[in-house]
Amino acid sequence: MLGRLTDVFERGYERLLRREIGDAPTHVAIIQDGNRRYAEKQGADAPDGHRAGASTTEQVLDWCADLGIDELTLYAFSTENFERPDEELEPLFDLLTEKLREFADADRVHEEEVCIRAIGDIDRLPDRLRDAVAYAERRTADHDEFRLNVALAYGGRNELLRAAREVARDVEAGELPPEDVDVAEVEDRLYRQPVRDVDLIVRTGGDERTSNFLPWHANGNEAAVYFCAPYWPEFSRVDFLRAVRTYESRAASWQRTRAKRAAALVRAVAEVEVTDARAVASRLREQLSGTESDAAVVADAVPEELPGTDPDVETAD
């Protein structure tokens, strides 16, 4: 009985969250943390946790489609993960290989025109996984409705360092004028396939850090970040909707802040212009040799107070 009531409550809460969400983010990036801890909690081995997490990944694709999200990036394997023991790495490489090929052949992927791309230092991966990456990218190359980026052997600091070295090398060789170094030039040198700016980063598993994930695309865009406690295999649609709601709240806050800043800027500019105008009027008064009516005309042209700048009137949010 209690279990049924809990299910009813969760479904109702999910519907409430869905109604509260308006414009979803364009690009969501997820740090899929907690697979090993989930397995330990279940009394299982780490590979079992990774396999359970793969099931969650498939569900997230459906949730993104439902909300109209255009791009999803999954942090599947970091450069730091290479330090894990071989008895964990090899089954994980096998699972990633299996899932990439499975996704590449799935009817739903082609019906929904999902383009699969890998980002990261792919050359460090085992041959079987590199072959799976190439297969998935080739099979979905013509799709453009939704983009799924799989971060493999990825490290944000290494990515930026690599790009900086390439720019420096091209400048030193005379192939790139220093004045042409801009955002586009740096982005062209990031890992393999450029991605659009990240709007929302989600991290499961309880840790509150972004772990060197997409620093160029997320920090530059001031992405919203949502941390949650469930391990990745336990991550639910309700958790995902909460994350999106966090993004929307952050976006609304940005809009209010921008409006306040714009209003303050307009007032500041207007105040400067009026101050300058008053100074000019003062000089004109001194130079005028005509009648008193000439000076009065100059004085009337400069208002004492700016319209809409009454200090006692608050600006609406």
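Because only heavy atoms are used, hydrogens play no part in the values below, and waters and symmetry mates are left out as well, while side chains stay in.
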Q) Among all residues two or more places apart in sequence or in another chain, which pass the side-chain hydrogen bond (donor to acceptor under 3.5 Å, both in side chains) test with E185? A) R189
Q. Aromatic rings H110 and H143: how do their planes relate, parallel, tilted or perpendicular, breaks at 30° and 60°?
A. perpendicular
**Q.** E88 CD: over 12 foreign heavy atoms closer than 6.0 Å
**A.** yes
Q. With sequence neighbours left out, what residues match D105 under side chain to side chain contact (heavy atoms under 4.5 Å, CB included)?
A. Y135, R139
Q: Could you check whether the rings of F213 and Y75 sit parallel, tilted or perpendicular, using 30° and 60° as the cut-offs?
A: parallel
Q.
Other residues, nucleotides and ligands only: do more than 12 of their heavy atoms fall within 6.0 Å of CG on D182?
A. yes
(Q) If we ignore hydrogens and angles and just use 3.5 Å, is the side chain of T79 paired with the main-chain N or O of A153 as donor and acceptor? (A) no
(Q) Walk me through whether D239 and R242 qualify under salt bridge (charged side-chain N to carboxylate O under 4.0 Å, His left out). (A) CA-CA 5 Å; D239 296 317; R242 284 173 175 163; 3.7 Å; yes
Q. Crowded around R84 CZ? As in, over 12 foreign heavy atoms under 6.0 Å?
A. yes
Q: Classify the angle between the aromatic ring planes of F82 and F93 as parallel (below 30°), tilted (30 to 60°) or perpendicular (above 60°).
A: tilted
Q. Under the 6.0 Å and 45° cation-pi test, does R203 pair with Y226?
A. no
Q: Applying ring-ring contact (aromatic ring centres under 6.0 Å, His included), run through F77 and Y154 and close with a yes or a no.
A: CA-CA 7 Å; F77 190 85; Y154 180 87; over 10 Å; no
